[in-house]
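Here is the structure we will look at, set down as structure tokens.
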Amino acid sequence: MKQSFIQTLHDYTGDAVLAQNLSAPMLQCNGMFVPDAMPSIALLIVNFSRPVITNNESAEFNLAGGFQGHVAGAPKNRYDSQLQIIETDTGQMTAFSELMQSNGGTTDGWIYDGRKGRFVNAHRITNVTMTFEALDYDAEGVSTIQRASANAKYNYYGLVNNLGAATSVGQIIGSADGTAEIFAQAKSLLNSVLSGNPLMSAMKNL
């Protein structure tokens with residue numbers, strides 16, 4: 001049976017060139033969360049979620065006659081995350097949890113695509129609250145380290161908003177070349193809408 005569509009080496013050559021322009025896939029380990037309250041704890045926060053700007057769930061509606069429609073939800077700015085923090089013999093995680101409570105239960109922070117001082121992008125998160133779970137001791141855990149789990153909530157406003165924008169300090173030179181045009185379009189569209197232009201007419205100018 002002959003295929004209707006056949007992949008060719010020419011296709012793969014084009015894909016390879018495009019992939020190079022899009023940049024290499026990011027490794028999961030290339031990220032760091034640095035809370036303002038205790039920046040040194042960043043090395044011990046080994047698992048967390050990086051926010052991505054999106055809308056809340058779409059609102060659905062039904063019209064007379066059976067039509068089913070939906071509209072986009074409002075922009076999401078509150079996020080939930082699960083964190084895992086390594087506990088040390090000197091109790092660094094415990095000190096952090098008590099520091100958080102003495103600080104009113106909240107802190108701000110940065111999430112880096114990279115590390116503090118050398119990164120591709122930096123995401124500012126605010127009003128970070130955490131709820132820590134108890135640690136478990138186990139006599140059979142002779143090859144297992146202690147990790148504390150925490151539930152976190154925070155606010156994030158994105159890279160195209162001034163509240164979430166990262167400065168160029170520490171940013172890898174040329175790292176944003178592939179996305180600068182996209183971010184510029186998003187910022188231009190946002191500014192056009194904020195100045196009172198209808199969304200559809202603003203999009204036509206991009």
Side-chain angles (χ1 to χ4, degrees), residues 1-33 45-84 110-125 147 149 152 154 156-162 164-168 170-194 197-206:
M1 182 179 293
K2 187 176 181 179
Q3 295 177 327
S4 298
F5 180 81
I6 300 174
Q7 297 279 5
T8 68
L9 295 178
H10 179 74
D11 295 329
Y12 296 153
T13 302
D15 291 345
V17 173
L18 179 58
Q20 291 293 326
N21 292 329
L22 293 174
S23 182
M26 183 185 297
L27 298 176
Q28 281 193 332
C29 65
N30 286 356
M32 188 172 288
F33 169 42
I45 302 176
V46 295
N47 186 285
F48 60 91
S49 298
R50 197 202 81 175
V52 176
I53 284 296
T54 186
N55 286 353
N56 284 288
E57 290 290 334
S58 300
E60 298 179 353
F61 61 92
N62 298 327
L63 300 181
F67 176 80
Q68 295 177 307
H70 60 276
V71 294
K76 184 174 183 178
N77 63 87
R78 187 186 68 190
Y79 293 78
D80 299 314
S81 177
Q82 298 288 325
L83 288 85
Q84 284 195 335
W110 289 94
I111 293 179
Y112 295 100
D113 295 341
R115 57 177 56 232
K116 184 179 181 181
R118 194 167 64 86
F119 52 85
V120 177
N121 281 311
H123 309 267
R124 184 62 170 170
I125 61 176
R147 293 191 183 195
S149 296
Y154 56 85
Y156 175 64
Y157 304 100
L159 288 173
V160 298
N161 185 291
N162 290 333
T167 65
S168 60
Q171 192 167 19
I172 298 174
I173 297 176
S175 62
D177 290 348
T179 54
E181 182 179 353
I182 298 174
F183 283 141
Q185 288 182 354
K187 189 68 174 179
S188 175
L189 178 59
L190 178 62
N191 290 337
S192 182
V193 172
L194 291 177
N197 296 323
L199 179 60
M200 293 306 296
S201 62
M203 293 177 66
K204 292 179 182 178
N205 296 327
L206 295 179

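Owing to the predicted nature of the structure, the values given are computational and were not obtained by experimental measurement. Heavy-atom basis, side chains included; hydrogens, waters and symmetry copies ignored.
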TODO: Ignoring hydrogens and angles, tell me if any N or O in the side chain of Ser81 forms a donor-acceptor pair with the backbone of Ser49 under 3.5 Å.
DONE: yes
- [ ] Looking only at non-hydrogen atoms, find the nearest pair between Gln7 and Tyr12 and report the distance.
- [x] CB-OH, 3.3 Å
Task: Taking every non-hydrogen atom, the tightest pair across Ala72 and Ser58 - done: CA-OG, 4.2 Å
TODO: For Tyr79 and Val52, run side-chain contact (heavy atoms from CB on, under 4.5 Å): C-alpha distance rounded to whole Å, both residues' side-chain angles, the deciding distance at 0.1 Å, then the answer.
DONE: CA-CA 9 Å; Tyr79 293 78; Val52 176; 5.8 Å; no
- [ ] Take atom CG of Leu9 as the centre, draw a 6.0 Å sphere, and report whether it contains more than 12 heavy atoms from other residues, nucleotides or ligands.
- [x] no
Open item on the list: Once you measure the plane-to-plane angle for Phe61 and Phe67, does it fall in the parallel (<30°), tilted (30-60°) or perpendicular (>60°) bin?
Closed with: tilted
Task: Check: Asn77 side chain, Tyr157 main-chain N or O, donor-acceptor pair, under 3.5 Å - done: no
Task: Side chains of Arg78 and Tyr154 in contact at under 4.5 Å (non-hydrogen atoms) - done: no
Task: side-chain contact (heavy atoms from CB on, under 4.5 Å) between Asn55 and Lys76, intermediate numbers included - done: CA-CA 5 Å; Asn55 286 353; Lys76 184 174 183 178; 6.0 Å; no
- [ ] Mind checking the CG-CZ spacing from Asp11 to Phe5? Nearest 0.5 Å is all I need.
- [x] 5.5 Å
Open item on the list: Can you tell me how far apart CD (Gln28) and CZ (Arg50) are? Round to the nearest 0.5 Å.
Closed with: 12.0 Å
Open item on the list: Are the side chains of Asp113 and Phe119 in contact, using a 4.5 Å heavy-atom criterion?
Closed with: no
Task: Over all atoms of both residues, closest heavy-atom pair of Trp110 and Arg124 - done: NE1-NH1, 2.9 Å
Open item on the list: I'd like to know if the side chain of Asn21 reaches the main chain of Leu18, judged simply by a donor and an acceptor atom lying under 3.5 Å from each other, with no hydrogens or angles considered.
Closed with: no
Open item on the list: For a 4.5 angstrom cut-off between non-hydrogen side-chain atoms, does Tyr156 reach Ile111?
Closed with: no
Task: Minimum heavy-atom distance between Ala152 and Leu83, given as atom pair plus value - done: CB-CD1, 3.3 Å
TODO: Mind listing the closest non-hydrogen atom pair of Gln84 and Arg147 along with its distance?
DONE: OE1-NH1, 3.0 Å
Task: Residues, nucleotides or ligands: over 12 heavy atoms within 6.0 Å of Glu57 CD - done: no
